[in-house]
Amino acid sequence: MITRSLDLDRPSDARVHDYFLGGGSNFAADRALARRVLSAAPDARIETLAHRACLGRMMRTCLDLGVRQFLDLGSGIPTAGSPHEIAAEADPAARVVHVDNDQIAATQGQLVLARCDNAAVLHADVRDPDSVLAAEQTRRLLDFQQPVAVLMFGVLHTFGEHHDPAQVIRRYTEAVAPGSFLALSHFTGEFAPERAREVLRVLDGSCPRPALRDRETVRSFLDGLDLVDPGAVPAADWRPGPADADLRSPEPLGFALLARTTPATRSRPDGASA
Ligand SMILES: C[S@@+](CC[C@H](N)C(=O)[O-])C[C@H]1O[C@@H](n2cnc3c(N)ncnc32)[C@H](O)[C@@H]1O
């Protein structure tokens, strides 16, 4: 359970992200930090848009493959093009559970989805998979006997090593049916180390400090999952469409990947073979 109180004088990851996406749910402290990030990395806004567009392409890939359920971990403040909108566009019966530990993201999401039967927002910490998986919203909307796409866009880098990212991912991917997907994006210094260090420097003390990880490290967290082509690449390079050319940055600060659970090698959490 989350009991943190709301402090609008302290920037939040969710509200800075909202500012970069052009949303209206951000405050002076968030905008001040966003401007500092832009001074360190002028393409930060373009990159945020590239990641959001990539998330949409990965979701549509899953939808094309028949997936109709999404567990959106670290969902952010709902803005245009949120996962529940992308899912509903493809199939009004598709179901989405958004999870965020930011109070504004959760409250705003609950308001937006108040009259929606197929999507819900859970105010929870995604590093606690057991409580996310057992939550009423998750049990009501998601059928774990059918494939689910677990979305972890822009959230895994908030996990320190002591949070055991591999174990958290395993808990989610073992809970879902064989043939499910994991879509994630992660902050990295692999492509532009100086720029990434500059971003860390301006973030220092303002927000939880993100972890810089390379693709090999993140791939090592994905035991039993197969990467979908083209693998782990800058978000703008993941199966881009014509509209994505403008979102390409010469110094990417992140990568994205889509992976699929492999039925033959999986075992279910109840001990039965998948
Ligand atoms: C960079 S935003 C990404 C939003 C969205 N996934 C996207 O890619 O457009 C990261 C979100 O993760 C949330 N977040 C960070 N750590 C979290 C945690 N431990 N549990 C739940 N949400 C978390 C933040 O509040 C924020 O809304």
Side-chain angles (χ1 to χ4, degrees), residues 1-4 6-8 10-23 25-26 30 33-34 37 41 44-59 70-87 96-110 112 121-133 135 137-138 149-160 162-165 167-169 171-172 182-188 199 203 206-211 235-236 238 247 253-258:
M1 191 171 117
I2 293 176
T3 51
R4 228 173 338 129
L6 184 58
D7 178 359
L8 299 182
R10 219 181 135 66
S12 100
D13 185 7
R15 300 193 303 261
V16 171
H17 185 256
D18 175 73
Y19 174 78
F20 282 142
L21 289 179
S25 301
N26 48 77
D30 308 308
L33 178 59
V37 171
R45 186 194 297 272
I46 286 177
E47 192 141 355
T48 305
L49 293 169
H51 277 249
R52 183 45 89 100
C54 176
L55 173 59
R57 294 194 299 279
M58 288 184 175
M59 284 189 66
F70 297 88
L71 179 57
D72 182 17
L73 303 172
S75 50
I77 293 169
T79 45
S82 278
H84 63 271
E85 292 179 346
I86 293 169
V96 180
V97 175
H98 300 286
V99 185
D100 208 287
N101 65 354
D102 181 274
Q103 196 172 324
I104 290 190
T107 308
Q108 191 120 321
Q110 283 157 359
V112 168
V121 178
L122 176 63
H123 188 205
D125 189 328
V126 303
R127 293 169 302 192
D128 181 1
D130 289 341
S131 67
V132 170
L133 294 168
Q137 294 92 325
T138 312
V150 178
L151 313 177
M152 296 187 87
F153 254 65
V155 72
L156 192 66
H157 49 236
T158 65
F159 293 25
H162 60 290
H163 296 118
D164 198 349
Q167 170 58 23
V168 173
I169 289 176
R171 182 70 186 95
Y172 285 113
L182 171 71
L184 71 77
S185 74
H186 201 291
F187 186 41
T188 189
V199 172
L203 287 180
S206 308
C207 269
R209 190 181 163 88
W238 201 92
L247 300 180
L253 291 171
F255 60 85
L257 64 85
L258 180 67

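Small disclaimer: the values here were computed from a predicted structure and weren't measured. For ligands, and for the atoms within them, numbers begin at 1 and follow the listed sequence.
For ligand 1, the atoms lying closer than 4.0 Å to a non-hydrogen atom of A124 are 20 (N), 21 (C). Close contacts between ligand 1 and R52 involve ligand atoms 9 (O) [criterion: under 4.0 Å to a heavy atom]. Every atom of ligand 1 is numbered from 1 in the order shown, and the set under 4.0 Å from a heavy atom of G154 is 1 (C), 10 (C). For ligand 1, the atoms sitting less than 4.0 Å from at least one non-hydrogen atom of V155 are 12 (O), 14 (N), 15 (C), 16 (N), 17 (C), 23 (C), numbered in the order shown with element in parentheses. The atoms of ligand 1 that sit less than 4.0 Å from any heavy atom of A14 are 25 (O), 26 (C), 27 (O). Near G74, meaning under 4.0 Å from any of its heavy atoms, are these atoms of ligand 1: 3 (C), 4 (C), 5 (C), 6 (N), 11 (C), 12 (O), 13 (C), 22 (N). Below 4.0 Å from some heavy atom of D102 lie the following atoms of ligand 1, by number and element: 25 (O).
In terms of protein heavy-atom proximity, atom 25 (O) of ligand 1 is nearest to D100 OD1, 2.6 Å. Scanning the protein for heavy atoms near atom 7 (C) of ligand 1, the closest one is H17 CE1, 3.5 Å. Closest to atom 14 (N) of ligand 1 among all protein heavy atoms lies N101 OD1, 3.5 Å. With hydrogens left out, the protein atom closest to atom 19 (N) of ligand 1 is D125 OD1, 2.9 Å, a heavy atom. The nearest heavy-atom contact from the protein to atom 20 (N) of ligand 1 is V126 N, 2.9 Å. Considering only non-hydrogen protein atoms, atom 8 (O) of ligand 1 sits nearest to F153 CB, 3.3 Å.
Looking at C54 and F153, their side chains come closer than 4.5 Å, going by heavy atoms from C-beta outward. In this structure, the side chains of L151 and L71 stay at 4.5 Å or more apart for every pair of heavy atoms.
Panel note: side chain H157, backbone F187; a donor-acceptor pair is recorded below 3.5 Å. Side-chain N or O atoms of Q108 include none that pairs as donor or acceptor with a backbone N or O of I104 at under 3.5 Å. Listed for the D125 side chain is no donor-acceptor partner under 3.5 Å among the backbone atoms of N101. Remark: the backbone N or O of P78 is not paired with any side-chain donor or acceptor of S82 at under 3.5 angstrom. Judged by distance alone, with hydrogens and angles left aside, the side-chain atoms of S12 form a donor-acceptor pair with the main-chain N or O of R15 at under 3.5 Å. The backbone N or O of L253 lies less than 3.5 Å from a partner atom in the side chain of E47, making a donor-acceptor pair. A distance-only check finds a donor-acceptor pair linking the side chain of D18 to the backbone of S25 [under 3.5 Å].
Cation-pi contact between R52 and F20: absent, since separation from the ring centre below 6.0 Å together with deviation from the ring axis within 45° is not met.
Contacts of S12 with ligand 1, taken as heavy-atom pairs under 4.0 Å, are absent altogether. When heavy-atom distances to ligand 1 are checked against a 4.0 Å cut-off, T158 comes that close only through its side chain, counted from C-beta outward.
Heavy atoms of S75 approach ligand 1 to within less than 4.0 angstrom.
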